[in-house]
Engineer: 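Dumping the structure here so I can ask a few things about it.
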Amino acid sequence: MINYKKELNPAQLKAVESTEGPYLVIAGAGSGKTRTLVYRVAYLVEKGVKPDHILLLTFTRKASQEMLRRAAKLLDDRCERVAGGTFHSFANMVLRKYAKLIGFPSNFTITDESDAEDAVNIVREKLGLGHMDRSKHFPRKGALLDVISKSVNKSQDIGSVLALEYPQFSEWEEEIKRIKEGYIKYKHAKSLMDYDDLLVFLKKLLHEHKEVRARLSGQYKYIMVDEYQDTNKLQADIVRLLASEHDNVMVVGDDSQSIYSFRGANFKNIIDFPKVFKGATVIMLEENYRSTQPILDLTNEVIKNADEKFEKTLFTNKGAGKAPIFVEARDENVQSKYVVQKVLELVDDGVMLKDIAVLFRAGWHSNDLEIELANHGIPFLKYGGQRFVEAAHIKDILSYLRIAHNPADQVNWHRALMLMRGIGEKTAGRITEQMIDKKQGLDIDEGILKKHPDLADLVDILRGVKPQEHLPGALIKGFLEYYGPLLKAKYDDYHKRAPDLNSLERIAGRYKSLESFLTDMALEPPEKSILEAGLKGKHDHAMTLSTIHSAKGLEWHTVFLIYVAEGHLPSYQAMEDKDAIEEERRLFYVAATRAKDNLILLKPAIDRSARWMKNYSGGYAGSIFTEVSRFLQEGSILERFMEVEKAGGGFDDVEFEDVI
DNA sequence: TATAGCCGATTTTTT
DNA sequence: ATCGGCTATA
């Protein structure tokens, strides 16, 4: 028996024991939000609710697995059978089953972002909007997809998205609308779904098929949603529909930690929740169990200056601690060296590497630090930034697997064809036209096959493939053999890329169906550095480098935050826009509240990255990148709450091994 | 029609 | 520094 009363504070206990009806839990940073969800799962199961009647929607699959694992440890294994995952993975699961009802085959392909961009480009070309005069500033494929995606996720029309966020493209409203329509039709014809479609069609399914809605709502009698501040309109609608039979919904979030508006998330979902679910009870978790008082004093002050928020002030019983430190380093490399030096000292004092993290706004901010850490032999894992599956050679292999799974996937056929020797844009177009538009499939004209042996080889492999009967591990092996020569022909640095292919093969080997493998590669792709570390077995003994976004929900004994400078945090791209700056503030808040005992903020005095950045940062000359972030300047926060240091050069070159 | 080589624009964050 | 896209050449 779990003693809930003893192990939870009154507010947490209330959240755990309130199982019927709608609840909104406002959970400040470090207030035991995860703990509350974990205990609530255990509580429900202990009370006799069947695990598969519970649905736990989280931001990453990792988060849900971790929570269910902890619940299982608390109670028993039944908790691991609770349905959990991201909105997208849940949507995928449901849609595979009910695809027919919304006019898709169940083997639809989930396109990643760059495939989606390629599809947009194809549509653009088809509409005759391909070759525009450069001076006319027609949006490129990435911007086009952004606009389309925003309009979908915010349930707004193209016109309002343009007016609000992309005024520079307003003159192209009609063209963009046509591209959006074309893109929707294109995906449908090719059985493709992008990330947004998973949500769009899940909503459509629940909305238009009341028998499905009733069945799913009856199945998931207790629904919990984590990180609710980072859901968008579509997701809120989905929750509403899923709960239609019972209203047993608990959403948990913190408006001050909303950092995904670029993806259409809107923390007003939290504020609107009591309106959408009438009679919802609000529970506030305000006691912080994570950070020391000096750290909280700083973070409370930063968020106090925010424009809009639920009023709340976190307090802690954890007691005194060291004041947060601000370090003005001479340049980027001194910034890195300072971190290294401090890490070595901490390790010397008995702090474990896995309890230390360095956080930053953008993936590339850690470039210099990574080199410095490697030089000292300090192991680290990097989260966020450029992804493994985005690398061109990985995408090449995945394109073969995607074709095998969905032969109508024109985007990936095109990619595969363009890799073949002697085939370019025109030929590739002709071949996909034959195969897909004329529905000849693999029955390609003999003449073409004769002329292009690379194509003949691939067709041979594909003919032998029956996806249901092949394990991804075995499938990929054949493709790798075929791909070998093409890799060498295309990339000068093929020897650097080859090991990645083996990693991919190893990952594929863990899956028992092609579909689940491809789904995961699209929805939960592995991090590059994690893979590499996995090979060396270094997981347990490594520090963390992470973008602030990827650090959400986590905590460390010591947190370094680098590049706390104007232009970096806040990012220069946010400077024109008041709302964007507010989001940067919340990012700063999320970063700083990850720290339990030590918080160290740094910034270089001279910033060489500014030299090339200033070229396209509009009116912001390079100089702004050397100013202390505004979030520390407001109300003299820096002076009032921090200890200030300066760091020049002259660090001892102590090796990591000397310390342990 | 394919491809190499050049030029210029671009870089936040992620399901 | 890197990528996408365009041009000149084979």
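Letters go in sequence order (proteins before strands), and every chain restarts at 1.
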Engineer: Mind checking whether A:F588 and A:F631 have parallel, tilted or perpendicular rings, split at 30° and 60°?
Structural biologist: tilted
Engineer: How many Å lie between CG on A:L199 and C1' on B:dT15, as a whole number?
Structural biologist: 8 Å
Engineer: Considering heavy-atom distances to DNA chain B, does A:M418 or A:R263 have its closest nucleotide positioned more toward the 5' end?
Structural biologist: A:M418
Engineer: Report the nucleotide, chosen from C:dG5, B:dT15, B:dT13, that has the shortest atom-to-atom distance to any side-chain atom of A:R140.
Structural biologist: C:dG5
Engineer: Please give, in whole Å, the distance from C:dG5 C1' to A:D118 CG?
Structural biologist: 13 Å
Engineer: Within the pair A:S550 and B:dT13, is there a side-chain N or O less than 4.0 Å away from OP1 or OP2?
Structural biologist: no
Engineer: Among A:R585, A:E584, A:M575, whose side-chain contact (heavy atoms from CB on, under 4.5 Å) with A:R630 holds?
Structural biologist: A:M575
Engineer: Using atom NZ of A:K395 as one end and atom C1' of C:dC3 as the other, report the distance to the nearest whole Å.
Structural biologist: 14 Å
Engineer: How many Å lie between NZ on A:K141 and P on B:dT10, as a whole number?
Structural biologist: 14 Å
Engineer: From CG of A:L561 over to C1' of B:dT13, roughly how many Å is that when rounded to an integer?
Structural biologist: 14 Å
Engineer: Do the two ring centres, one from A:Y260 and one from A:F59, sit under 6.0 Å apart?
Structural biologist: yes
Engineer: Could you check whether A:G422 gets within reach of a base, just the sugar-phosphate, or nothing at all, counting any heavy atom under 4.0 Å?
Structural biologist: sugar-phosphate
Engineer: Does B:dT14 have A:F262 stacked on its base, where the ring centres are within less than 5.5 Å and the planes differ by under 30°?
Structural biologist: no
Engineer: For a quick check of understanding: with a heavy-atom distance under 4.0 Å over all strands, which category does A:Y260 fall into, base, sugar-phosphate or nothing?
Structural biologist: sugar-phosphate
Engineer: Base, sugar-phosphate, or nothing: which does A:S89 touch, judged by heavy atoms less than 4.0 Å apart?
Structural biologist: nothing
Engineer: Enter the distance from A:D437:CG to A:R430:CZ here, rounded to the nearest 0.5 Å.
Structural biologist: 14.0 Å
Engineer: When rounded to the nearest 0.5 angstrom, what distance separates CG in A:D409 from NZ in A:K187?
Structural biologist: 13.0 Å
Engineer: Nearest whole Å is fine: how far is B:dT15 P from A:I238 CD1?
Structural biologist: 17 Å
Engineer: For B:dT13 and C:dG4, measure between their P atoms and round to the nearest Å.
Structural biologist: 16 Å
Engineer: Quick one: ring-ring contact (aromatic ring centres under 6.0 Å, His included) partners of A:Y482, sequence neighbours excluded?
Structural biologist: A:Y400
Engineer: Pick out the pairs of N or O atoms, protein on one side and nucleotides 8-10 of chain C on the other, that lie under 3.5 Å.
Structural biologist:
none

Engineer: Start at the 5' end of DNA chain B and walk down; is the nucleotide closest to A:A574 or to A:R421 reached first?
Structural biologist: A:R421
Engineer: OP1 or OP2 of C:dG5 less than 4.0 angstrom from a side-chain nitrogen or oxygen of A:N121, does that happen here?
Structural biologist: yes
Engineer: Please work out if A:E425 contacts a base, only the sugar-phosphate, or nothing of the nucleic acid, heavy-atom cut-off 4.0 Å.
Structural biologist: sugar-phosphate
Engineer: Just the rounded figure in Å: distance from P of C:dC3 to NE2 of A:H393.
Structural biologist: 12 Å
Engineer: Regarding A:R586, tell me which of base, sugar-phosphate or nothing describes its non-hydrogen contacts under 4.0 Å with the strands shown.
Structural biologist: nothing
Engineer: Looking at every strand, decide which applies to A:L587 at a 4.0 Å heavy-atom threshold: base, sugar-phosphate, or nothing.
Structural biologist: nothing
Engineer: Is the ring pair A:F360/A:H365 parallel, tilted or perpendicular, if the boundaries are 30 and 60 degrees?
Structural biologist: perpendicular
Engineer: About how many Å separate CG of A:L504 and CE of A:M521, when rounded to the nearest 0.5 Å?
Structural biologist: 7.0 Å
Engineer: Could you give the CD-to-C1' distance, from A:Q573 to B:dA9, as a whole number of Å?
Structural biologist: 14 Å
